Visitor: 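Before anything else, here's the structure in question.
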There are 4 protein chains.
Amino acid sequence: MRPVEKCGVFGIFGHPEAANLTYLGLYSLQHRGQESAGIVSSRDSTLHSYHGMGLVSEVFSREIIASLPGEIAIGHVRYSTAGASHIKNAQPFVVEYSRGSLAVAHNGNLTNALRIRDELEAYGSIFQSTMDTEVIVHLIAQSRERSLADRVVAALQQVKGAYSLVFMSDHELIAARDPNGFRPLVLGRLEDAHVVASETCAFDLIGAKYLREVEPGEVLVINEKGPRSIKPFEKTTNSLCVFEFIYFARPDSIIFDQSVYAVRLALGRQLASEHPVDADVVIPIPDSGFPATIGYAQQSGIPLELGLIRNHYVGRTFIEPEQSIRHFGVKVKLNPIKDVIKGNRVVLIDDSIVRATTGRKIVKMIRNAGAMEIHFRISSPPITYPCFYGIDTPVRKELIAATHTVKEVEKYLTSESLGYLSREGLKECVGDRDHSFCYACFTGDYPVPIPIRPEESQMTLFDREDRNQ
Amino acid sequence: MRPVEKCGVFGIFGHPEAANLTYLGLYSLQHRGQESAGIVSSRDSTLHSYHGMGLVSEVFSREIIASLPGEIAIGHVRYSTAGASHIKNAQPFVVEYSRGSLAVAHNGNLTNALRIRDELEAYGSIFQSTMDTEVIVHLIAQSRERSLADRVVAALQQVKGAYSLVFMSDHELIAARDPNGFRPLVLGRLEDAHVVASETCAFDLIGAKYLREVEPGEVLVINEKGPRSIKPFEKTTNSLCVFEFIYFARPDSIIFDQSVYAVRLALGRQLASEHPVDADVVIPIPDSGFPATIGYAQQSGIPLELGLIRNHYVGRTFIEPEQSIRHFGVKVKLNPIKDVIKGNRVVLIDDSIVRATTGRKIVKMIRNAGAMEIHFRISSPPITYPCFYGIDTPVRKELIAATHTVKEVEKYLTSESLGYLSREGLKECVGDRDHSFCYACFTGDYPVPIPIRPEESQMTLFDREDRNQ
Amino acid sequence: MRPVEKCGVFGIFGHPEAANLTYLGLYSLQHRGQESAGIVSSRDSTLHSYHGMGLVSEVFSREIIASLPGEIAIGHVRYSTAGASHIKNAQPFVVEYSRGSLAVAHNGNLTNALRIRDELEAYGSIFQSTMDTEVIVHLIAQSRERSLADRVVAALQQVKGAYSLVFMSDHELIAARDPNGFRPLVLGRLEDAHVVASETCAFDLIGAKYLREVEPGEVLVINEKGPRSIKPFEKTTNSLCVFEFIYFARPDSIIFDQSVYAVRLALGRQLASEHPVDADVVIPIPDSGFPATIGYAQQSGIPLELGLIRNHYVGRTFIEPEQSIRHFGVKVKLNPIKDVIKGNRVVLIDDSIVRATTGRKIVKMIRNAGAMEIHFRISSPPITYPCFYGIDTPVRKELIAATHTVKEVEKYLTSESLGYLSREGLKECVGDRDHSFCYACFTGDYPVPIPIRPEESQMTLFDREDRNQ
Amino acid sequence: MRPVEKCGVFGIFGHPEAANLTYLGLYSLQHRGQESAGIVSSRDSTLHSYHGMGLVSEVFSREIIASLPGEIAIGHVRYSTAGASHIKNAQPFVVEYSRGSLAVAHNGNLTNALRIRDELEAYGSIFQSTMDTEVIVHLIAQSRERSLADRVVAALQQVKGAYSLVFMSDHELIAARDPNGFRPLVLGRLEDAHVVASETCAFDLIGAKYLREVEPGEVLVINEKGPRSIKPFEKTTNSLCVFEFIYFARPDSIIFDQSVYAVRLALGRQLASEHPVDADVVIPIPDSGFPATIGYAQQSGIPLELGLIRNHYVGRTFIEPEQSIRHFGVKVKLNPIKDVIKGNRVVLIDDSIVRATTGRKIVKMIRNAGAMEIHFRISSPPITYPCFYGIDTPVRKELIAATHTVKEVEKYLTSESLGYLSREGLKECVGDRDHSFCYACFTGDYPVPIPIRPEESQMTLFDREDRNQ
């Protein structure tokens with residue numbers, strides 16, 4: 001069953017331009033998912049929705065936004081994983097059930113979705129998508145509770161895993177975050193309206209004020225009476241995703257009550273302390289490696305330079321000539337500035353290494369540009385385990401650090417040296433004093449049990465091909 | 001709940017080019033629905049599907065057909081009714097349930113779908129479309145029977161109304177027709193493959209041989225062992241839709257075991273006998289009025305001429321100038337040949353009158369072209385009741401013959417005379433000796449009970465706006 | 001050089017909705033060309049234009065029509081010939097030259113365009129299209145005359161061949177027809193506005209009144225002072241294209257001052273007189289064979305029936321299965337009604353035979369449907385020579401009647417008999433007493449000299465591939 | 001007449017994948033023009049071309065590249081200026097004339113194009129576009145010289161202004177640069193093939209080796225015999241566009257034989273020397289302000305931080321809510337990182353100021369984010385005159401520095417201070433010892449005479465609306 005991984009969610013209650021502001025919010029969250037986008041709004045007891053494949057700015061037109069009336073709206077952006085780019089998997093998910101219409105946007109990944117789905121199907125339930133989100137909706141429809149809030153709580157008490165959810169009916173907005181708080185979810189205010197979003201950067205664009213996090217284990221019901229907080233789950237330790245800080249969130253966001261940029265800067269400084277090197281220049285792999293590079297340069301005193309230029313016009317497909325061009329794949333995105341590299345000892349900074357194939361190509365490209373030495377520095381520990389809580393990582397055997405020592409990875413990269421940030425250094429940079437973060441991708445210590453056959457939660461059980469026009 | 005009205009269905013089992021032949025079959029059935037088209041095929045336990053809005057030739061490309069592999073396929077074309085042109089209502093309908101994947105294509109209209117849906121939702125079922133077909137699928141999913149055939153039978157025993165259905169799983173094709181046999185469904189053979197379709201014209205294009213009708217009340221299970229016929233319903237009288245002969249089916253088809261063209265010719269002859277007139281020329285309203293006009297001309301001896309030319313390039317939208325043009329709407333489609341009309345007494349033949357607004361415009365256009373007299377002849381009786389079995393008719397108050405006498409309709413049309421075919425004449429032309437046809441639209445005698453508030457079955461219960469890209 | 005063959009032209013002067021009415025006019029002339037459509041309008045000394053590939057109803061939207069302001073407009077529809085479907089060859093052709101802007105729409109084919117183009121290029125002229133129309137524009141631009149009318153006359157005095165032209169500047173509309181009058185061009189009036197069009201059917205839709213033909217050799221200048229007629233050419237005999245009556249024009253049009261339908265009816269009657277046969281039924285090849293079939297049936301007394309049904313949803317491309325289907329190509333468009341054909345002696349009527357390949361397939365399809373005998377009757381004489389005046393015919397060797405006797409064609413068609421209309425019969429039906437028609441496709445007597453290497457005028461000299469997005 | 005401003009050109013001779021490599025070259029030059037893209041290739045004496053509106057990666061598909069065969073190709077990307085986005089203005093420009101086919105791609109702006117066009121039209125020439133490039137083509141067509149090279153030289157001797165041109169016939173590639181050398185043009189080699197491009201970044205992607213500049217006043221003829229250099233113009237001083245270094249070229253390119261990145265770094269250092277300030281942080285306006293910011297930080301010792309994050313998913317249109325959002329326009333692209341700014345004295349670096357409206361919004365946005373002081377530093381002198389040589393600048397009255405003192409601009413920007421780089425500083429940074437650069441936009445000293453009514457060369461003379469589908 002398909003995890004709903006690497007997504008962004010947004011919701012607003014009580015604003016006459018709810019859909020347009022949701023559109024802007026999604027636009028700010030675009031880095032969390034570029035495959036599809038959707039918005040649902042409500043007016044006169046009717047939900048209005050529109051979904052499309054592609055970027056927010058491509059999917060929505062002025063006419064479409066105008067066709068989404070009302071003062072409540074939720075939206076979703078979804079990440080593209082190969083082979084599953086179906087419009088039917090676009091969110092928010094909208095259904096009709098006995099109590100009316102319901103829409104939901106989900107960021108995260110349930111670890112017991114398959115088992116629940118099997119049970120539901122055994123009793124005759126029909127599933128229309130391959131998303132684990134649909135399990136939650138079925139549980140809500142089958143709940144005997146009367147209010148939507150109670151039904152949502154009843155459903156969430158049955159599911160396990162990571163979720164930051166935004167529900168809407170025709171008169172209510174409900175935000176919910178799993179008890180461990182894996183994925184971020186923040187609450188803000190715009191005049192009389194309340195807004196929730198995956199990151200605060202969505203608030204900045206629409207001019208909303210950041211109030212606080214939706215807390216781990218909190219179900220926040222927002223209607224005409226204002227927000228009401230429910231804490232229906234047993235208290236557990238927090239397991240905030242540290243990878244949001246390392247790579248995934250936007251640097252101008254505040255998540256988990258800290259500035260992402262400040263954390264990344266600290267990671268770079270810590271990296272310089274842990275892995276100093278005598279070099280002439282420190283260069284980032286753009287754009288995500290930038291903040292850590294600034295930190296590294298500040299701490300080490302080695303001058304920062306732009307050594308790689310990123311082409312921002314990269315399209316989705318690319319027509320390669322038959323006659324091969326060296327390092328073509330990486331050259332399409334990055335080009336070295338010879339002037340900066342030639343004859344120099346280069347420190348190259350990236351935020352993480354997954355398979356190391358791109359890193360190897362970049363090292364060779366920089367070597368070709370005339371670097372004397374290349375020292376690769378990574379502002380995170382080695383990734384040795386897959387994520388089951390909503391980040392799209394490959395299966396374990398494809399994670400180079402899971403199967404190779406640091407020395408072996410260094411050799412593969414062909415760099416003069418390689419330095420990963422230590423787990424302790426990471427912990428210190430995020431200020432984790434009470435074990436409130438999830439480091440499972442680095443340690444394999446999963447705070448919520450994962451399926452026995454873990455691949456199941458990382459693969460689609462069935463992947464019926466269906467593409468609407 | 002939305003009836004699945006005015007549709008065409010097709011299915012094939014046991015041919016290596018199943019999807020391509022389904023495409024051709026749908027192409028031949030295009031007159032039964034121009035809103036959307038879809039095909040589902042099966043290979044390696046997986047259903048592959050594609051749906052799109054528009055004509056068959058627009059929706060499918062060579063690449064799409066190639067992406068629908070396997071030896072089993074079903075297809076569907078759907079008619080456009082205003083406001084409900086959603087891709088989510090395109091068929092075949094495909095779902096996952098405990099026993100795997102299932103697809104279904106439906107022509108007809110269930111009369112108790114709303115009531116069943118209410119019950120299902122009360123027990124937590126979630127509906128994804130507004131089509132009554134979905135009720136059948138839920139009933140199949142909840143059946144405790146083991147084989148698909150038994151589950152289909154169990155489901156159909158609960159629904160009432162009109163249906164010609166084609167189901168497919170990954171290894172089986174099942175065709176089913178309601179006990180009254182309202183809508184046509186025919187069985188054919190192409191080499192080793194079996195095919196079912198709404199009309200035989202779909203067989204002609206692919207070179208399949210017409211074997212027989214799928215009989216009223218028959219469930220025909222086609223798999224590797226060949227076809228197996230089940231008759232699970234109590235015997236009832238047939239109620240074949242007479243309007244298929246009058247207007248809906250293609251003249252080159254055989255349905256209900258008779259040639260559509262031959263029936264229409266007979267209707268025209270009978271009309272001439274019942275409503276003779278002294279005139280110079282008899283002209284058809286193209287294209288549907290043609291066969292009856294030939295019959296009328298043959299019987300009356302009045303020469304047939306083309307008096308109205310139809311523009312076959314009519315697009316879906318049309319940009320009308322602000323300054324009004326007389327009879328513009330009808331002129332876009334039809335233009336009179338003055339030479340044929342000027343100074344002549346004209347007999348004008350059409351197959352039916354619903355609202356009479358177009359007929360009135362045509363009469364005025366022909367009058368403007370110089371006709372001395374205009375005698376309107378209709379090759380069917382007055383339509384006085386709406387259809388609840390799958391033909392798209394307006395609510396009763398919009399049927400001009402339901403609220404006006406023939407004299408009043410004649411006056412509205414501004415023709416010198418108006419003659420409808422008699423019910424007895426119609427009966428005789430279709431050779432109905434044992435009351436095996438449905439004449440409800442002319443008589444109000446509904447062979448299967450209709451909902452107490454009949455509008456319910458003609459309107460959508462809810463019509464959530466959702467448009468996929 | 002590419003002849004501008006098989007096109008429709010339209011122009012209007014003095015109406016506030018000039019572009020919208022041009023759109024409607026082109027819509028009515030769609031049968032004259034389906035490849036591309038274009039409209040040019042004028043306001044405030046500026047020409048506004050829009051061209052697109054496809055049908056009129058596809059190319060233009062309300063927004064586009066609204067972007068074409070002013071009270072003067074001309075339009076053009078163009079026929080698709082394989083391989084030359086370039087947007088750059090769409091008309092009207094619009095250029096800037098020393099006296100301002102000029103647009104022109106052309107129906108016809110110049111016989112000396114290549115020679116003039118060679119001369120113009122030798123003096124440094126640059127051509128932007130492969131259309132012979134561009135030669136006229138260059139000659140206008142190089143003329144030393146002062147008024148546009150005089151420049152047009154000066155240009156037309158240098159070209160030879162067939163042309164019905166509509167020019168517009170920012171304040172004037174000029175219609176011109178070659179001295180022989182090969183192609184039709186009619187003048188009408190709509191309130192204070194004047195309109196010109198290839199056929200009168202364009203007037204019917206917009207409610208304009210037919211005034212008269214633009215005469216052969218007439219140059220009609222329409223501006224704020226009203227129309228002014230110039231006859232600048234030496235008097236010559238008329239050479240009206242008889243094939244417009246046989247096939248090309250719409251049956252509801254008046255061209256060359258006669259009803260097209262009436263002529264076709266007469267052709268059918270004459271055909272019955274010349275080639276009687278003892279048969280049970282006479283059937284048309286739809287749609288173009290219809291009027292002649294009515295005439296044949298009337299004259300012969302043999303009953304007319306619909307034996308072939310045409311599918312009007314035929315798309316531009318068609319996905320054929322790999323496994324061949326008998327007569328597939330023709331079946332996509334036509335399907336026989338067995339009931340009409342089986343056991344009968346059939347007279348089959350078509351308007352003309354070019355290559356006979358389709359006719360052969362139709363005969364076989366009717367034979368398969370059970371015909372006892374098939375008698376093919378053609379309402380025109382054998383086509384034995386290509387046209388150089390604007391009708392798209394193949395080169396001579398592909399015309400079956402140019403290389404085979406009637407007996408041989410009959411054998412190829414596999415029909416029991418074949419009868420062509422005689423030339424004398426044709427002449428009588430069009431009422432040609434003073435040799436005012438062109439019969440060159442039947443006789444090879446070309447009224448205007450054709451190029452020594454005739455292929456040149458039928459082929460493109462160069463066919464640069466250029467496709468705009 | 002429309003200047004062909006802000007464009008990129010590419011050409012290749014002698015490679016079997018000429019079109020594909022041109023596609024890659026254009027992709028690397030995308031920053032020089034995003035409005036339209038086009039490629040022309042040659043095989044078998046025929047030119048093949050394709051043009052489209054949009055980005056290179058959107059315009060071309062694998063099929064289209066495959067349809068552009070041959071070993072010679074040229075390409076062009078064009079910048080979008082409001083209102084003139086017509087496919088007909090897309091380049092390369094392709095024409096037919098007496099000697100065959102010719103294609104040309106142009107970067108620059110002719111200053112006497114209008115006058116020449118008037119003369120050509122007076123002698124009957126017809127123009128198809130509103131681009132000044134077309135004047136060159138007409139002059140070539142009218143030249144009496146025999147070889148293409150000689151005709152090109154003859155044509156270029158009549159035009160004045162800025163041009164870097166790439167011509168191709170079916171067997172030859174010709175690159176030409178105006179005598180002043182305003183715009184860059186570089187020569188490279190890829191195996192046996194020769195390539196020319198606006199910047200060396202196009203060589204990097206395809207793996208070509210940079211050989212040298214095409215020199216000012218050089219006409220380089222490349223055919224099967226290899227390259228042949230002609231210097232047909234009188235020697236004049238160089239006038240290399242200094243703005244290419246400041247803003248326009250990619251930082252990873254070498255143009256005018258210097259590294260763009262190195263120059264920008266030097267500009268930032270010089271700026272710090274000329275305008276030091278006591279501050280806490282120096283931040284770039286991304287992405288173009290980056291290199292100068294690094295230089296400023298290095299020279300001043302003030303730490304560089306990312307204070308503004310750029311959204312790289314910005315689409316072409318943006319749906320703004322009716323209720324205004326503060327600084328909305330700039331927020332869509334940029335968002336401040338409060339953590340970096342709050343309580344700090346900020347140095348803000350940009351490469352240039354044109355109208356200052358965006359700069360003013362950025363200052364306010366940073367102020368809102370909590371900056372104590374904002375010191376705006378610009379790595380170029382005040383722009384006080386428009387460019388007539390191919391850079392798209394507004395008319396003079398819209399250049400804020402043309403009408404306001406530095407103090408007034410500072411006040412408008414609402415920054416605590418404003419510092420522009422001095423002209424002398426700029427001169428030093430680009431190493432201009434022999435007056436070989438053009439500084440006209442800063443000084444008004446135009447090295448090539450501009451039209452008396454300068455607006456003419458900055459506006460379209462006529463701007464006929466024509467949009468192809």
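Lettering follows sequence order; numbering is per chain, from 1. Side chains included, hydrogens not; waters and symmetry mates left out as well; all remaining heavy atoms used. Just so it is clear, the model here is predicted, and its values are computed rather than measured.
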Visitor: Do C/I325 and B/L21 make a side-chain contact, defined as non-hydrogen atoms from C-beta onward lying under 4.5 Å apart?
Guide: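 Yes, their side chains come closer than 4.5 Å.
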Visitor: Return the SG to NZ distance between C/C201 and B/K331, rounded to the nearest 0.5 Å.
Guide: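 Answer for the SG-NZ pair, C/C201 versus B/K331, is 12.0 Å.
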Visitor: Look at C/L304, C/I206, C/L308, C/L205 and state which one has the largest set of heavy-atom pairs under 4.5 Å with chain B.
Guide: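 With the most close heavy-atom pairs to chain B, the winner is C/L205.
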Visitor: What part of C/H31 is in contact with chain B, defined as an atom under 4.5 angstrom from a non-hydrogen atom: side chain, backbone, both or neither?
Guide: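 Both parts, backbone and side chain.
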Visitor: Are B/E305 and C/L265 side-chain neighbours, meaning at least one heavy-atom pair lies under 4.5 Å?
Guide: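 They are in side-chain contact.
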Visitor: In terms of heavy-atom pairs under 4.5 Å with chain B, which of C/I254, C/N368, C/V340 leads?
Guide: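 Option with the top pair count is C/V340.
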Visitor: Would you mind checking which part of C/E191 comes under 4.5 Å of any heavy atom in chain B, side chain (CB onward), backbone (N, CA, C, O), both or neither?
Guide: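 Side chain of C/E191 only, per the 4.5 Å heavy-atom cut-off to chain B.
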Visitor: Which one wins on heavy-atom pair count under 4.5 Å against chain C: B/L24, B/V260, B/L306?
Guide: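 Sorted descending by pairs with chain C, the first entry is B/L306.
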Visitor: Tell me the closest heavy-atom pair linking B/P336 and C/D252, and the distance in Å.
Guide: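 Heavy atoms of B/P336 and C/D252 come nearest at O-CB, 4.0 Å.
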Visitor: Are B/R250 and C/N335 packed together at the side-chain level, in the sense that at least one heavy-atom pair is separated by less than 4.5 angstrom?
Guide: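 SC-SC contact between B/R250 and C/N335 confirmed.
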Visitor: At a heavy-atom distance under 4.5 Å, which candidate from B/S253, B/G207, B/S259 has the highest pair count against chain C?
Guide: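 So the answer, after comparing B/S253, B/G207, B/S259, is B/S259.
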Visitor: Indicate yes or no: at least one non-hydrogen side-chain atom of B/V56 is less than 4.5 angstrom from one of C/Y313.
Guide: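 The answer is no; the side chains never approach within 4.5 Å.
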Visitor: Has C/F328 got more than 12 heavy atoms of other residues, nucleotides or ligands less than 6.0 Å from its CZ?
Guide: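 More than 12 within 6.0 Å, yes.
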Visitor: For the pair C/E17 (side chain) and B/Q323 (backbone), establish whether a donor and an acceptor sit closer than 3.5 Å, ignoring hydrogens and angles.
Guide: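 Flag set: sc C/E17 to bb B/Q323 pair under 3.5 Å.
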Visitor: Rounded to the nearest 0.5 Å, how far apart are NE2 of B/H312 and CG of C/D287?
Guide: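 That separation rounds to 4.5 Å.
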Visitor: Can you find a pair of side-chain heavy atoms, one from B/Y261 and one from C/I309, that are under 4.5 Å apart?
Guide: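 B/Y261 does not reach C/I309 side chain to side chain.
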Visitor: What are the two closest non-hydrogen atoms of C/N20 and B/P321, and how far apart are they?
Guide: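 Looking at all heavy atoms of both residues, the shortest contact is ND2-CA, 3.1 Å.
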Visitor: Would C/K338 and B/D204 pass as an ion pair if we require N to O under 4.0 Å?
Guide: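 So C/K338 pairs with B/D204 through a salt bridge.
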Visitor: Does any heavy atom of chain B fall under 4.5 Å from the side chain of C/I294, the backbone, both, or neither of them?
Guide: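 For C/I294, the side chain is the part near chain B, not the backbone.
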Visitor: Less than 4.5 Å to any heavy atom of chain B: does that hold for the side chain of C/Q30, its backbone, both, or neither?
Guide: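 The answer is both parts of C/Q30.
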Visitor: Looking only at non-hydrogen atoms, find the nearest pair between C/I65 and B/I319 and report the distance.
Guide: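 Reported closest heavy-atom pair: CG1-CD1, 3.8 Å.
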